[in-house]
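Only one structure is covered here, and it is reproduced in the block below.
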Amino acid sequence: MKYLLPEWYYLAVAIPFGIGFLVLTPPNQVPDEHAHLLRAYQISEGRIIAEKVGPLTGSELPLSVSTFMSQYDDLRFHPEKKINRAMILNTGSIRIEHNGRAFINFANTAIHPPLAYLPQALGIFLARQFTSSMLALLYAGRVFNLIVATALVFYAIRRAPIGKWIFVVLALTPMHLFMASSLSSDALTNALSFLIVAQVLYVGFGPNGSV
């Protein structure tokens, strides 16, 4: 049965656990997710190159993007503080205000290539056609990031002629699934790394047998 194949086993485990991480992790509780959202939002507006203003690097964005994420700052590095579903849903009232824009610094993610943010940016762009809720935009970006990262790893496992189960074990580690279900650029970076290794193995050990 195909469901016993490594790539299908990976998919069967990655999807529910990825969704679990996506839903249960509050906004801004993934490393640098605030900055990842700012970079992804910039790209969703069709601007892929960050701007320099003095010593700062970032872009002019709606202030509501930063305001939304700041609602969760108190949780960071404080595991004793808890949040519930109602508190998260309350932040759904924060809307994009296109008239209230300002330059926002996100130097740590501005240096990342735009390719690493295409899934998140696409999710944010599409969601913005239907809603102005920042909460909805964040989760749309997470969903698209998880879908693309999972699909790439699935294809990488299928492509690899050897070591498929090693791919599965590495791709199902909690940290990989946690990052894949966030706005982090690490999701696509890790997935493409799996794909590159799989392609090298395919060329070296596949039908042609030579690199």
Side-chain angles (χ1 to χ4, degrees), residues 6-48 50 58-59 61 65 68-69 72 75-76 88 106-128 134-160 164 166-200:
E7 59 267 32
W8 288 102
Y9 178 86
Y10 160 75
L11 204 62
V13 177
I15 290 177
F17 278 92
I19 293 174
F21 277 124
L22 188 154
V23 173
L24 296 177
T25 305
N28 206 17
Q29 302 312 300
V30 178
D32 297 322
E33 191 168 44
H34 187 165
H36 289 303
L37 174 62
L38 294 171
R39 177 68 166 138
Y41 195 96
Q42 178 205 22
I43 294 173
S44 77
E45 292 188 327
R47 294 175 291 121
I48 64 174
S59 184
L61 298 171
V65 180
F68 167 75
M69 291 301 259
Y72 300 91
L75 294 175
R76 299 177 65 192
I88 294 176
F106 50 93
N108 57 330
T109 56
I111 61 174
H112 293 182
L115 173 64
Y117 291 99
L118 286 184
Q120 307 93 304
L122 179 60
I124 292 171
F125 172 79
L126 292 177
R128 203 165 57 234
M134 279 306 309
L135 183 65
L137 300 189
L138 177 133
Y139 280 106
R142 283 184 174 185
V143 167
F144 272 70
N145 213 19
L146 178 62
I147 291 173
V148 173
T150 302
L152 287 174
V153 174
F154 173 85
Y155 180 70
I157 297 171
R158 170 169 283 189
R159 185 72 167 166
K164 291 179 181 287
I166 297 177
F167 278 73
V168 172
V169 170
L170 292 175
L172 290 179
T173 56
M175 182 55 72
H176 175 81
L177 292 177
F178 178 66
M179 300 308 290
S181 60
S182 73
L183 291 175
S184 176
S185 60
D186 291 346
L188 198 61
T189 301
N190 292 338
L192 289 174
S193 297
F194 277 109
L195 188 57
I196 290 172
V197 173
Q199 180 62 21
V200 171

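Just so you know, these numbers use all the heavy atoms, side chains as well, and skip hydrogens, waters and symmetry mates.
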Look up atom [atom1] in [X] and atom [atom2] in [Y], then write down how far apart they are to the nearest 0.5 Å.
{"X": "His36", "Y": "Asp186", "atom1": "NE2", "atom2": "CG", "answer": "6.0 Å"}
{"X": "Tyr155", "Y": "Gln199", "atom1": "OH", "atom2": "CD", "answer": "7.0 Å"}
{"X": "Met69", "Y": "Asn28", "atom1": "CE", "atom2": "CG", "answer": "4.0 Å"}
{"X": "Asn145", "Y": "Leu122", "atom1": "CG", "atom2": "CG", "answer": "11.0 Å"}
{"X": "Ile147", "Y": "Ser181", "atom1": "CD1", "atom2": "OG", "answer": "12.5 Å"}
{"X": "Leu38", "Y": "Ile43", "atom1": "CG", "atom2": "CD1", "answer": "11.5 Å"}

Q: Hey, can you tell me if His112 and Tyr117 have their rings parallel, tilted or perpendicular (30° and 60° cut-offs)?
A: parallel
Would a 4.5 Å heavy-atom cut-off, applied to side chains only, mark [X] and [Y] as touching?
{"X": "Val197", "Y": "Phe167", "result": "yes"}
{"X": "Pro174", "Y": "Phe17", "result": "no"}
{"X": "Val148", "Y": "Leu118", "result": "no"}
{"X": "Thr150", "Y": "Tyr10", "result": "yes"}
{"X": "Phe144", "Y": "Leu126", "result": "yes"}
{"X": "Leu37", "Y": "Met134", "result": "yes"}

If every non-hydrogen atom of [X] is compared with every non-hydrogen atom of [Y], which pair is closest and at what distance?
{"X": "Thr25", "Y": "Arg142", "answer": "O-NH1, 2.8 Å"}
{"X": "Ala50", "Y": "Ala110", "answer": "CB-CB, 3.6 Å"}
{"X": "Phe194", "Y": "Val153", "answer": "CD1-CG2, 4.0 Å"}
{"X": "His176", "Y": "Ala171", "answer": "CD2-O, 2.9 Å"}
{"X": "Ala180", "Y": "Ala187", "answer": "CA-CB, 3.6 Å"}
{"X": "Ala40", "Y": "Ile124", "answer": "CB-CD1, 3.9 Å"}

Q: May I have the step-by-step check of side-chain contact (heavy atoms from CB on, under 4.5 Å) for Leu137 and Phe68, ending in yes or no?
A: CA-CA 11 Å; Leu137 300 189; Phe68 167 75; over 6 Å; no
Q) Just wondering, are more than 12 heavy atoms of other shown residues or ligands nearer than 6.0 Å to CD1 in Ile166? A) no
Q | Greater than 12 external heavy atoms within 6.0 Å of Tyr72's OH | A | yes
Q) For the side chain to side chain contact (heavy atoms under 4.5 Å, CB included) test, which of Ser185, Ser59, Pro114 pairs with Arg39? A) Pro114
Q: Run the ring-centre check on Phe106 versus His34 and record whether the distance is less than 6.0 Å.
A: no
**Q.** Ion pair check, Glu45 and Arg128, cut-off under 4.0 Å
**A.** no
Is the backbone of [Y] close enough, under 3.5 Å, to the side chain of [X] for a donor and an acceptor to pair up by distance?
{"X": "Glu7", "Y": "Arg158", "value": "no"}
{"X": "Asp32", "Y": "Ser184", "value": "no"}
{"X": "Glu33", "Y": "Pro31", "value": "no"}

Q | Intermediate values then yes/no, side-chain contact (heavy atoms from CB on, under 4.5 Å), Ile88 and Leu135 | A | CA-CA 8 Å; Ile88 294 176; Leu135 183 65; 3.9 Å; yes
